[in-house]
Amino acid sequence: PSYMPPEQVLGSEEADIRGDIYALGASLYCMLVGEPPFLADSPMATLMQVVQDPNPDPRAKRSDLREDVVALIAQTMAKNPDERHANAEDMRLHCEEILDRMVAEGIPLPEHAQKVRTRRVVTDRPKVVSPAIAAGLAAKTTAPTAAEAPTLDAIPGGSATATPNT
């Protein structure tokens, strides 16, 4: 329930791709902070948080996050679907703008994010937001130590052996 968009929680019949954008933003929040944006004692209480509580500021847990990355998360997790990216392509372009600024500022990107960025320049691919792009958004001015890098097992509800829902 931590990644479910408010309109889906409320049972809206007008749910669309923007709900997936919300879930992707909540996933990005979790990747960067190490915990879901909303997590309560029960699934129902978590759903109530999703609908009623303001979105948490990821800088409360990660003060080193860039303002443009925080703005990306805020837009993707907007309570009102009309305030989110209209589709995955719009979100991808927003992510790439941030990565381009980071490169222009001399911030080193993780190797896998560099490869995606290079492939984009050469082939105009990928057309979706990839984990490598998300990892690039998390880049700091210095590489994280092994102790700083969160593992999947450290994330509530995460598991190295988890299988995707089908």
Side-chain angles (χ1 to χ4, degrees), residues 1-96 98-99 110 112-113 116 126-140 144-166:
S2 297
Y3 308 94
M4 188 180 291
E7 64 272 20
Q8 186 176 357
V9 173
L10 296 172
S12 172
E13 294 181 16
E14 297 181 21
D16 58 21
I17 188 69
R18 295 170 300 173
D20 294 332
I21 298 296
Y22 177 95
L24 190 54
S27 297
L28 180 59
Y29 177 99
C30 186
M31 287 174 59
L32 297 176
V33 172
E35 63 187 43
F38 299 104
L39 187 62
D41 293 336
S42 72
M44 184 57 73
T46 299
L47 293 173
M48 294 301 293
Q49 287 179 339
V50 167
V51 173
Q52 296 178 344
D53 292 357
N55 290 335
D57 185 339
R59 291 172 295 192
K61 304 275 183 178
R62 284 272 315 270
S63 61
D64 64 319
L65 287 177
R66 297 170 54 91
E67 184 61 38
D68 49 7
V69 172
V70 173
L72 170 73
I73 293 170
Q75 183 175 357
T76 60
M77 289 184 61
K79 299 288 187 186
N80 180 346
D82 292 334
E83 296 173 7
R84 296 183 205 139
H85 297 90
N87 53 51
E89 176 71 2
D90 287 350
M91 185 178 176
R92 179 186 68 86
L93 292 172
H94 189 171
C95 291
E96 288 181 355
I98 296 170
L99 291 176
H112 49 286
V116 168
K127 293 295 185 189
V128 296
V129 178
S130 71
I133 289 174
L137 296 176
K140 294 171 36 174
T145 65
E148 291 177 316
T151 64
L152 196 52
D153 291 324
I155 299 171
S159 169
T161 58
T163 56
N165 295 335
T166 57

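All of these numbers come straight from a predicted model, not from anything done at the bench.
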Spatial distance of atom [atom1] ([X]) from atom [atom2] ([Y]) [nearest 0.5 Å]:
X	Y	atom1	atom2	value
Asp20	His85	CG	NE2	14.0 Å
Gln8	Leu47	CD	CG	9.5 Å
Ile17	Asp90	CD1	CG	11.0 Å
Thr46	Tyr3	OG1	OH	10.5 Å
Tyr22	Asn55	OH	CG	5.0 Å
Met91	Arg18	CE	CZ	15.0 Å

**Prompt:** Minimum heavy-atom separation for Arg66 to Ile98, with atom names?
**Reply:** NE-CG2, 4.3 Å
Closer than 3.5 angstrom, by distance alone: can the side chain of [X] be matched with the main-chain N or O of [Y] as a donor-acceptor pair?
X	Y	answer
Lys79	Gln52	no
Arg59	Val70	no
Thr76	Ile21	no

**Message:** So for atom CG, which belongs to Asp82, do other residues, nucleotides or ligands contribute more than 12 heavy atoms lying within a distance under 6.0 Å?
**Reply:** yes
**Prompt:** Around Met48, counting heavy atoms of other residues, nucleotides and ligands shown, do more than 12 lie under 6.0 Å from its CE?
**Reply:** no
**Message:** Less than 4.5 Å apart, side chain to side chain, heavy atoms only: is that true for Pro58 and Leu32?
**Reply:** no
**Item:** Residue pairs involving residues 3-14 (criterion salt bridge (Lys or Arg N to Asp or Glu O under 4.0 Å); sequence neighbours excluded)
**Value:** Glu7-Arg84
**Request:** Please name all residues satisfying side-chain contact (heavy atoms from CB on, under 4.5 Å) with Ala45, sequence neighbours left out, ordered by chain then number.
**Result:** Ala40, Ser42
